[in-house]
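Here the structure comes first, spelled out in structure tokens, and everything after it is commentary.
We count residues from 1, following the sequence as given. Since we're looking at a predicted model, the values are computed, not measured. Ligands are counted one by one from 1 in listed order, and the atoms in each one are counted from 1 as well.
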Amino acid sequence: MHVSPGSLRPNVARLRERPNAEVLVIGGGINGIATFRDLALQGVDVALVERGDFVSGASSASSHMIHGGIRYLENGEFRLVQESVAERNRLLRTAPHYVRPLETTIPIFSTFSGLLSAPFRLLVTHGRGKPRERGAALIKMGLVMYDTFSRDGGQVPRHRFLGKKKSLSELPAMNDGIKYTATYYDASMHDPERLALDVLHDGELAGGDRARAANYVSGAGMQGGKVTLRDETTGEDFDFTAKVVLNTSGPWTDITNSALGEQTRYMGGTKGSHVVLDHPELLAATAGREIFFEHSDGRIVLIYPLKGRVLVGTTDIDADPSQPVVCTDDEVDYFFDLVGHVFPEITVDRSHIVYSFSGIRPLPHHDDTAPGFVSRDYRIVQSDTLGVPVLSLVGGKWTTFRALAEHLANDTLALLGKQRSVSTETRQIGGGVGFPASPNARKRWITEHADGRDAGRVESLLDRYGTRAVEILEALPEHDPELTDLPGYSAAELSYLAHSEQIVHLDDLLLRRTSIAFVGGLTVQRISAAAGAIADALGWDEATQTSEIERTIALLRNAHRIDTTKGGTFITG
Ligand SMILES: Cc1cc2nc3c(=O)[nH]c(=O)nc-3n(C[C@H](O)[C@H](O)[C@H](O)COP(=O)(O)OP(=O)(O)OC[C@H]3O[C@@H](n4cnc5c(N)ncnc54)[C@H](O)[C@@H]3O)c2cc1C
């Protein structure tokens, strides 16, 4: 443990020095973080604690889609679809540095139904039992309906329906058994973790001393109306008081309530996995689109270009949040099977996997409803049995985080007897402020900020951090060589992140402050180079560096099935 006794992390020290706030948020996934930002903007004194790293739960396991949720139409969840598309359209404007339009194509194998049909089960309203097959006619109806929710006054293009010949001319590697393709627009989120950090940073800036957030601090118990917080790096407990407690622990909401002293059964999460493939042929076959395919038994696969790799997911399996989750061989076989249906001539095997990840969706408790049909909508439940009102969040996707935070903040404001003073609807997020959207504006931005630096380097910082790249540029020395083992990154850049973004462990840097792990090829040598780059900033001695390197190697092996001792290959068997 590199935090020596008595040398508190500054953000933990700020909580301990003044152990009270109007609101305590327990859980630093996107929904807790967004609520923290919203309350800070209203001038509420708010504190947030996250037991691991920020955004290390469900929020780091998503399919990276900001989507209207066309599939939710089949469950009759019109409110959710409407809210999701409105939020998607807002995020395209408020976070253009990380959220971009995503052309999505559904291959359709039958007009009405058939062996490989059923890309959609639209218009099934009962939402229970086994998924049914649906062919082109119903998909068409669903997309017409989706267009009416989704088009944002014409900013988002209408869907297109193409016959076999035209479809294959656009996507020649696709299974020539298709009859049609349907193409519509949603949005992708390139860097979910960085987007969440931007939201957190905005909250901290807005609130100053009245908006405090610390990672590696858990909500561990409650006594006499005081919450016991535990610094997970030292094991030390301290009391914290708040007028309102928000439980935004995602899939762990019941477990947190239990620790606070109340037994609840709100959650019924399902597990989903993804693999990241380094596969140029498959990447080219997607033609930059998400391919969204649903098998006749209702199973879905997304094939999706991201950061020069191909993201393939996902599954939907009931899961116990008290246990760790990992992508299994069955899931990998399932992905490859469905990729094989869509692109039969392209060979995909385990040697192409450079990263894998799994997470649990924070879904509401469900009895006999099939996992794919469980509502993706959210609700807020208040409990008054613990001496302080505790609001538990049940559910909540990435896409709707702003609207959800607004609801949760409004409920909290009502309990505090306060009014909303600031709307987040059109508020630009972090490095999305002043983000140059057009190619020309982008060129101008790079020239203006290059200040003698290589334009390529400035551009890559703009891609990574949006206009917050300015903060990094100011911190970089004139001579800023890239690290031999981590091309594209310099020691000064990584060190800046370590200083300014509450990095506690090496994996915080490799998995969540950067995409280094995601794109693959992580070897022990590269991990060691990263540790060396941030060691001074974090005061790590040799022994600490070694233990951090070992921790990262074990985490990649156990949670992501990547063997960094063998060139970052996927562990088979
Ligand atoms: C496989 C998969 C694919 C998905 N794809 C998409 C998608 O494409 N688009 C989309 O919109 N949504 C998607 N989602 C859903 C979305 O990712 C989640 O619903 C969302 O991220 C939930 O955020 P959250 O903040 O509520 O929960 P979480 O991100 O899980 O955050 C809860 C946090 O609470 C912390 N915590 C738990 N207990 C305590 C405690 N006692 N003290 C302090 N902290 C605690 C946890 O460490 C965790 O970080 C997907 C989810 C999964 C799993």
Nitrogen or oxygen of I26 less than 3.5 angstrom from that of ligand 1
no
Check the pair H67, Y146 against ring pair (Phe, Tyr, Trp, His ring centres under 6.0 Å), reporting the backbone distance first and the verdict last.
CA-CA 11 Å; H67 60 147; Y146 195 60; 9.1 Å; no
Considering only non-hydrogen protein atoms, determine which one is nearest to atom 43 (C) of ligand 1 and report residue, atom name and distance to 0.1 Å.
R51 N, 3.3 Å
Please state which protein non-hydrogen atom is closest to atom 16 (C) of ligand 1 and give its distance, to 0.1 Å?
W398 N, 3.7 Å
Which heavy atom of P321 sits nearest a heavy atom of W252, and at what distance?
O-NE1, 2.9 Å
Taking distance alone, with N or O pairs closer than 3.5 Å, would you say R361 contacts ligand 1?
no
Proximal candidate to atom 32 (C) of ligand 1 [heavy atom criterion; set S249, G27, G57]:
S249
Backbone, side chain, both or neither: what part of H274 comes under 4.0 angstrom of ligand 1, heavy atoms only?
side chain
Under 3.5 Å, is there a donor-acceptor pair between the side chain of D191 and the main chain of Y98?
no
Identify, for atom 35 (C) of ligand 1, the protein heavy atom at the shortest distance, and state residue, atom and that distance.
E50 OE1, 3.2 Å
Consider side-chain contact (heavy atoms from CB on, under 4.5 Å). Of L39, I33, D38, which one does T35 pass it with?
L39
Would you say ligand 1 has an N or O under 3.5 Å from any N or O of G219?
yes
Please report the shortest heavy-atom distance between A182 and L143, naming the atom on each side.
CB-CD1, 3.4 Å
Who's the nearest protein heavy-atom neighbour of atom 9 (N) of ligand 1, and how far?
M65 O, 2.7 Å
Under 4.0 Å, heavy atoms only, figure out whether ligand 1 is touched by the backbone of I30, its side chain, both or neither.
both
Among non-hydrogen protein atoms, atom 23 (O) of ligand 1 lies closest to S59 OG, 3.1 Å
Under 3.5 Å, side chain of T328 to main-chain N/O of E331, donor-acceptor pair present?
yes
